[in-house]
Amino acid sequence: MRIVSGIKPSGQLTLGNYIGAIKQFLDLQEKFSNSSFFIFIADLHAITIPINSHELEKNIREIAATYIACGLDPLKVNIFLQSEVKEHTQLSYIMESTSHIGELERMIQYKDKKNYSETIRTSLFTYPNLMAADILLYDADIVPVGSDQSQHLELTRTLAKRFNHNYGKTFKIPEGYKSKIGSKIMSLTDPIKKMAKTEKSSKSYILLSDDLTSVKKKIYSAVTDNDNEIYFDEKKKPGLSNLLTIYASLSNNSIKETEKKFKNSSYKEFKDSVYKIIAETLEPIQKKYKSLINSKKLDEILDKGKKEASKIAELKILDVYNKVGLKR
Ligand code: AMP
Ligand code: TRP
């Protein structure tokens, strides 16, 4: 079994990233302990939108340290920078020569961002090609991602099948792996939108690095409603349902169990408990992070990850080039 995923270093990681992605990595690490894991920092994806180069460099290191601080075990998981394994971009070009313009134009993430300006980067358009390459390069069986990535994953499967059909069986068809609870954590200030590290208002998200005092403030000021009843209904009560989801996920309970637990609580009592469970999750992560961020060990882990990933990627790209006819 091979498991592959990545996160863009376009800012610091949020609680949404933790619940939607990292928590799945940790579950899979336990569940499939004999599998090979490739969890990378999707740094090439981060430059699809403008980002200061110093900030990018800082974010890359921070994400690497955060992966390990959250509990990814470098003995079981290969952690590396996407940009350090050049085959990702090589295969991305092959994917550009496999996908159709119409398919890329239908991608929601592209359509959403494209509305902001006309000077969006070309790489934002071809983003799904690189993502498909990231996955297919390693013959991933399972790709743990939040639900915002479902469409990209579906396109990846389409491209793999198309390539296999045109050139003979080359790629495994990957399956997505979503958490049952929390595959889309919403903004605390506008719970119709997903929680994202690129949002302007820092009140809308919780960063894994946030100090606990500001976590408390953000939870207390999170938008809810006025009817003072605690139950799950994403349409009628999006803010409250989002907090229920966060609690359920972090406490490893179902939404039903969580609803029951807080049935007779006030919003204040409920928010207190949500804050506490977030604090319990973040405290050990932040402690471990501090010991890692400036350590040499972090570089050793990334070097090893790069080496292991390259071994597989080099063979795969050779096979692909051969099949396409890029040879003499
Ligand atoms: P990104 O930060 O966009 O690179 O996302 C990295 C991973 O985190 C992907 O698997 C996303 O689906 C997941 N993710 C990002 N934001 C959220 C969110 N608000 N809720 C759940 N998962 C998320
Ligand atoms: N596109 C993903 C996101 O924005 C990040 C990503 C890039 C990814 N390549 C990937 C996730 C490959 C899984 C597998 O969240």
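Numbering of ligands and ligand atoms starts at 1, following listing order. These numbers were taken from a predicted model, which means no experiment stands behind them.
- Considering backbone and side-chain N/O of A21, none are found under 3.5 Å from N/O of ligand 1.
- Using a 4.0 Å cut-off between heavy atoms, K184 contacts ligand 1 through its backbone alone, with no side-chain atom that close.
- Of the N or O atoms in M186, none lie within a sub-3.5 Å distance of an N or O in ligand 1.
- Neither the backbone nor the side chain of Y138 has any atom closer than 4.0 Å to an atom of ligand 2 (non-hydrogen atoms only).
- Residue D148 holds the heavy atom nearest to atom 11 (C) of ligand 1 of all those in I246, D148, I185.
- Looking at residues two or more places apart in sequence or on another chain, you find a side-chain hydrogen bond (donor to acceptor under 3.5 Å, both in side chains) between K316 and D139.
- Of all protein heavy atoms, the one lying nearest to atom 2 (C) of ligand 2 is Q149 OE1, 3.4 Å.
- Not one N or O on the side chain of E259 forms a donor-acceptor pair closer than 3.5 Å with the backbone of Y231.
- Contacts with ligand 2 closer than 4.0 Å are made by side-chain heavy atoms of V143 only, the backbone lying farther away.
- Here's the thing with V145: none of its N/O atoms is less than 3.5 angstrom from an N/O atom of ligand 1.
- Ranking the protein heavy atoms by distance from atom 9 (N) of ligand 2 puts D134 OD2, 2.6 Å first.
- Residue, atom and distance of the protein heavy atom nearest to atom 1 (N) of ligand 2 are Y127 OH, 2.7 Å.
- In this structure a side-chain-to-backbone donor-acceptor pair under 3.5 Å is missing from S92 to A133.
- K31 places no side-chain N or O within 3.5 Å of a backbone atom of S33 that could act as its donor or acceptor partner.
- No part of Q82 comes within 4.0 Å of ligand 2, judged by heavy-atom distances.
- Of the N and O atoms on the side chains of Q12 and S209, at least one donor lies less than 3.5 Å from an acceptor on the other residue.
- Side chain of D112 to backbone of Q109: no donor-acceptor contact under 3.5 angstrom is found.
- Follow the hydrophobic side-chain contacts under 4.5 Å out from I39 and you never reach L153; the two are in separate clusters.
- At a heavy-atom cutoff of 4.0 Å, ligand 1 is contacted by no atom of A196, backbone or side chain.
- For Y167 (side chain) and R162 (main-chain N/O), no donor-acceptor pair under 3.5 Å exists by modelled atom type.
- In summary, the side chains of N129 and S99 do present a donor paired with an acceptor at a separation below 3.5 Å, with no hydrogens or angles considered.
- Of the heavy atoms in D148, none comes closer than 4.0 Å to ligand 2.
- Atom 2 (O) of ligand 1 has its nearest heavy-atom neighbour, among K197, K178, E199, in K197.
- Distances from atom 8 (C) of ligand 2 to the heavy atoms of A42, G6, G146, P144 put G6 nearest.
- Here is the list of ligand 1 atoms found below 4.0 Å of a heavy atom in G182: 21 (C).
- Interface atoms of ligand 1 facing K8, defined by a heavy-atom separation under 4.0 Å, are 1 (P), 3 (O), 4 (O).
- Residues Y138 and H88 bring their aromatic ring centres within 6.0 Å.
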